[in-house]
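A quick write-up on the structure given underneath.
In the text below, chain A, chain B and the rest are named by the order of the sequence lines, each starting its count at 1. The figures that follow rest on heavy atoms only: side chains count, while hydrogens, waters and symmetry mates do not.
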2 protein chains.
Amino acid sequence: MEKMENRCPVETTLSLINGKWKLLILKELSQGPVRYNQLKESIPAISTKVLTQQLREMESDGMIIREVFPEIPPHVEYSLSEMGVSIFKIFAEIRRWGLEDDKRNNPKCSDCQSCRPYHL
Amino acid sequence: MEKMENRCPVETTLSLINGKWKLLILKELSQGPVRYNQLKESIPAISTKVLTQQLREMESDGMIIREVFPEIPPHVEYSLSEMGVSIFKIFAEIRRWGLEDDKRNNPKCSDCQSCRPYHL
DNA sequence: CTGTATCCTAGCCGATACTG
DNA sequence: CAGTATCGGCTAGGATACAG
């Protein structure tokens with residue numbers, strides 16, 4: 001799913017969250033603004049490189065907002081944009097579907113490796 | 001998003017359609033049962049290997065049904081299962097979201113390379 | 001007609017070290 | 001604290017040839 005080549009709203013929408021960690025990031029930010037290292041701690045398995053990468057993509061997609069406080073030491077806060085909130089709600093819908101459907105025997109979200117405290 | 005390791009309904013759901021062509025296949029099947037070569041012709045850009053691969057995955061995920069008619073030459077029909085229909089509807093919802101949101105300047109789905117006659 | 005079997009590539013992702 | 005820079009592995013997907 002390349003970003004600029006597909007013209008399908010569904011694929012475009014899906015490409016917005018198709019990084020390996022974007023849903024998780026979305027979830028973390030849904031609690032309110034979070035700093036870089038807080039994110040890193042909430043999602044220990046992600047590397048700094050990939051975390052930054054995904055954050056940059058999400059920012060340029062307009063899903064999240066990156067606010068820099070000109071202090072020393074550096075201080076950066078990430079938060080959901082309005083669009084970030086609305087797409088997050090969509091995936092709450094999907095979650096509902098995923099849970100409803102017993103046919104697929106979905107184990108309830110209990111111990112995603114980096115997703116312990118909350119549920120998507 | 002590995003299939004058997006994640007426990008998140010959202011990720012599980014997304015993994016169901018995270019092949020590059022699965023949405024397209026879903027769409028083709030939504031019109032009714034289709035034979036292998038019909039699919040290949042509707043989606044010319046896909047290779048036989050990948051087409052078969054994705055079909056097999058979708059089948060084992062319970063989204064589609066593969067029916068073999070014991071004839072010569074071989075005759076195989078693919079169709080949506082009940083679950084396939086229901087997930088397809090979800091992504092119709094997403095499409096609606098994608099189209100509503102002008103902020104992302106979604107070009108209307110007009111000329112996906114292999115997605116001409118219908119819209120997702 | 002409905003697929004396998006090979007071989008190959010691009011891009012995602014990770015580990016680790018380093019920086020303003 | 002909030003990131004770059006580098007190197008390198010893995011795997012989904014693609015091209016092509018062949019088979020029952």
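Within the nucleic acid shown, Gln38(B) has no heavy atom closer than 4.0 Å to any nucleic acid atom. As judged by a 4.0 angstrom heavy-atom cut-off over every strand, Tyr78(B) is placed among residues touching the sugar-phosphate backbone only. Within 4.0 Å (heavy atoms only), Lys40(B) reaches no atom of the nucleic acid at all.
Not one side-chain nitrogen or oxygen of Arg35(B) sits closer than 4.0 Å to the OP1 or OP2 atom of dC1(C). Dashed line: the shortest gap from a side-chain N or O of Arg56(B) to OP1 or OP2 of dT4(C) is under 4.0 Å. Close to dG14(D), at under 4.0 Å from its OP1 or OP2, lies no side-chain N or O of Gln53(B). Distances shown here put a side-chain N or O of Arg66(B) below 4.0 Å from the OP1 or OP2 atom of dG3(C).
Atom pair Leu39(A):CG and dG3(D):C1' shows a separation of 13 Å (rounding to whole Å applied). Atom-to-atom, CD of Glu57(A) to C1' of dG11(C) comes out at 12 Å; the value is rounded to the nearest Å. Between the CD atom of Glu71(A) and the P atom of dG3(D) there is a distance of 14 Å, rounded to whole Å. If you measure from atom CG of Asn18(A) to atom C1' of dA12(D), you get 12 Å, rounded to the nearest angstrom. When rounded to the nearest whole Å, the span between CD of Gln54(A) and P of dT4(D) equals 14 Å. The distance between atom CD1 of Ile46(B) and atom P of dA15(D), rounded to the nearest whole Å, is 11 Å. If you take CD1 of Ile25(B) and C1' of dG13(D), they are 13 Å apart, rounded to a whole angstrom. Atom CG in Leu51(B) sits about 13 Å away from atom C1' in dT4(C), given to the nearest Å.
A donor-acceptor contact under 3.5 angstrom links the side chains of Thr52(A) and Tyr36(A), judged on distance only. Donor-acceptor pairing under 3.5 Å is recorded for the side chains of Trp97(A) and Ser86(B).
Closest-nucleotide positions on DNA chain D for Glu77(A) and Ser47(B) were compared, and the one nearer the 5' end corresponds to Glu77(A). Nearest-nucleotide mapping onto DNA chain D: of Lys49(A) and His75(A), the residue sitting toward the 5' end is His75(A).
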> Would Glu11(A) and Leu14(A) satisfy side-chain contact (heavy atoms from CB on, under 4.5 Å), going step by step from the backbone distance to the final call?
Replying inline: CA-CA 5 Å; Glu11(A) 290 190 16; Leu14(A) 290 175; 5.6 Å; no

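Residue Thr48(A) places its side chain closer to dT4(D) than to any other of dG14(D), dT4(D), dC13(C). With dG3(C), dG3(D), dG20(C) as the choices, the nucleotide that has an atom nearest any side-chain atom of Val76(B) turns out to be dG3(C). Between dG14(C), dG20(D), dG14(D), one nucleotide has an atom nearer to the side chain of Lys20(B) than all others, and that is dG14(D).
Here the closest heavy-atom approach between residue Ile90(A) and residue Ile94(B) is recorded as CG2-CG1, 4.1 Å. Across Met63(B) and Ile17(B), no two heavy atoms sit closer than the pair CE-CG2, 4.0 Å.
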